[in-house]
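To start, the structure itself, in structure tokens.
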Amino acid sequence: MAEDQPSSEPRQDQLFIHFLPGKEAQIEGKPWIIHSRKGCFKVGRVEFETVLGMTTGEKAPEIGSKEAVCNCGVSNHHLAMWGVVKVTKKKIPKCGDRSVGIIRRLDDDVVETEVNVQLFRERISTLQKEVAEKHKDAKQAHGRAQRLDAQLSKSQEKLSAANKEINESEGKINNLDLQLQQMQQSAQSRNRDLDNLSETVKMLRSSTAGGFQKTRNPQKSEVQYLSDSLSKYKRKCEELKGDLKRQQTQHKERLSAFEGRLEGSMRHVGRASLQQPQPTTAAPRDSGSIQGDSGNIRRD
């Protein structure tokens, strides 16, 4: 049977390494096995730090023979070498944490060993790729941040322009309301004058009724003059009322047109603010609240 962990003491002996077939080894994450006289170890990866006398094997040594190192059974196609095994946990790119069998040569009498430079080069290349990817991600994030800042600045400019337009429009609305109040007061004053004049004519008519003949006299001429003046004044009041109604209608039309423009501006500002992720500035009042304010200002 194959052991999962090696002995802690150094050992140097004949090693056989080969791939483990079957789904169980793949699921376990240990598709390689290292056979030695002091134990057999299933690992997820094999790394060669130093090697000596490595050859490929095309036929497994028979169990119990001099060449065999264990009773597990070695695959026909394998790698054979001399060295020391050390099993440890390492993080493998794209695979996560795996058990790794590290092979190295420990022999003071043997000087000529070949260092596996290619392994270290692969490690350096992997680290360089990771650093390049991190740098690329940071550069992309910086670019996105700059674009978001530009969009935020544009949205703030549009919001400031909209607020300025709202303030100017509110001032115009206040002026129109003041003019409308003045016109209403003027109409009320004219109506009072008309009522007073009507009362005066009634009093004159009642005082002269039955006491005069149909002949021409100065008092009847005065009553006729007052009556004609009253008729002219009534006609003038009717004309003023018509002018007042027309001005009120025009005022309502201007208010409706302004509310339409204001609602369109706020929708445009709302769409621009929604495109930025989580703006830090205060959100503008929605069109419904602004219409409500305009409705409070409007007087029918």
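A 4.5 Å side-chain heavy-atom check between Phe41 and Ile33 finds every atom pair outside the cut-off. In this structure, the side chains of Arg192 and Ser189 come closer than 4.5 Å at one or more pairs of heavy atoms. Val84 places none of its side-chain heavy atoms less than 4.5 Å from the side chain of Ile103. At least one side-chain heavy atom of Asn163 sits less than 4.5 Å from a side-chain heavy atom of Leu159. Taking 4.5 Å as the limit, every side-chain heavy atom of Glu168 sits out of range of all side-chain heavy atoms of Ile166. Contact check for Trp82 versus Leu15: no side-chain heavy atoms found under the 4.5 Å cut-off. In this structure, Asn191 and Lys241 have side chains that are in contact, with non-hydrogen atoms separated by less than 4.5 Å. Looking at Ser75 and Phe19, their side chains never come closer than 4.5 Å, going by heavy atoms from C-beta outward.
Here the OG atom belonging to Ser160 is positioned 12.5 Å from the NZ atom belonging to Lys158, to the nearest 0.5 angstrom. Between the NZ atom in Lys129 and the NZ atom in Lys134 there is a gap of 15.5 Å [rounded to 0.5 Å]. We find the CZ-NZ distance between Arg98 and Lys91 to be 13.0 Å, quoted to the nearest 0.5 Å. Atom-to-atom distance recorded for Glu67:CD and Lys59:NZ is 10.5 Å, nearest 0.5 angstrom. With rounding to the nearest 0.5 angstrom, the CD atom of Glu133 is 7.0 Å from the CG atom of Asp137. Here the CE-CE distance, from Met54 to Met81, works out to 3.5 Å after rounding to the nearest 0.5 Å.
Across every non-hydrogen atom of Leu194 and Cys237, the tightest pair is CD2-SG, 4.3 Å. Here the shortest heavy-atom pairing between Gly44 and Trp32 reads O-CD1, 3.7 Å. Annotation for Ala68 and Ile63: closest pair CB-CA, 4.2 Å, computed over non-hydrogen atoms. Heavy atoms only, all atoms of each residue included: His35 and Cys70 are closest at ND1-SG, 3.3 Å. The heavy-atom pair separating Lys66 from Arg37 by the smallest distance is O-NH2, 3.2 Å.
Side-chain atoms of Glu49 never come within 3.5 Å of backbone atoms of Ile102 as a donor-acceptor pair (strictly under, hydrogens ignored). Checking side-chain atoms of Thr249 against main-chain N and O of Lys245 turns up a donor-acceptor pair under 3.5 Å. Between the side chain of Arg45 and the main chain of Lys90, no donor-acceptor pair closer than 3.5 Å is present. No donor-acceptor distance shorter than 3.5 angstrom exists from the side chain of Ser65 to the backbone of Pro61, with no hydrogens or angles considered.
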For this session: Assess whether side chain to side chain contact (heavy atoms under 4.5 Å, CB included) is satisfied between Ser36 and Gln14, documenting all intermediate values.
Result: CA-CA 6 Å; Ser36 69; Gln14 179 72 51; over 6 Å; no
Exercise. Could you walk me through whether Leu127 and Glu130 pass the side chain to side chain contact (heavy atoms under 4.5 Å, CB included) check?
Worked result: CA-CA 5 Å; Leu127 291 175; Glu130 291 179 357; 4.0 Å; yes
Exercise. Stepwise, does the side chain to side chain contact (heavy atoms under 4.5 Å, CB included) test hold for Val100 with Lys89?
Worked result: CA-CA 6 Å; Val100 178; Lys89 289 282 186 179; over 6 Å; no
Problem set entry | Pair Thr56-His78, side chain to side chain contact (heavy atoms under 4.5 Å, CB included): steps then yes or no | CA-CA 6 Å; Thr56 61; His78 58 270; over 6 Å; no
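In the hydrophobic clustering of this structure, Val46 groups with Val87; members are Ile, Leu, Val, Met, Phe, Trp, Tyr whose side-chain heavy atoms approach within less than 4.5 Å, directly or through other members. The hydrophobic cluster containing Val43 also contains Leu79, counting ILVMFWY residues as joined when their side-chain heavy atoms lie under 4.5 angstrom apart, directly or transitively.
None of Asn76, Ile34, Val74 except one satisfies the side-chain contact (heavy atoms from CB on, under 4.5 Å) rule with His18; the exception is Val74.
The number of heavy atoms from other shown groups lying within 6.0 Å of CD (Gln140) is above 12. More than 12 heavy-atom neighbours from other residues, nucleotides or ligands sit within 6.0 angstrom of CD on Gln26.
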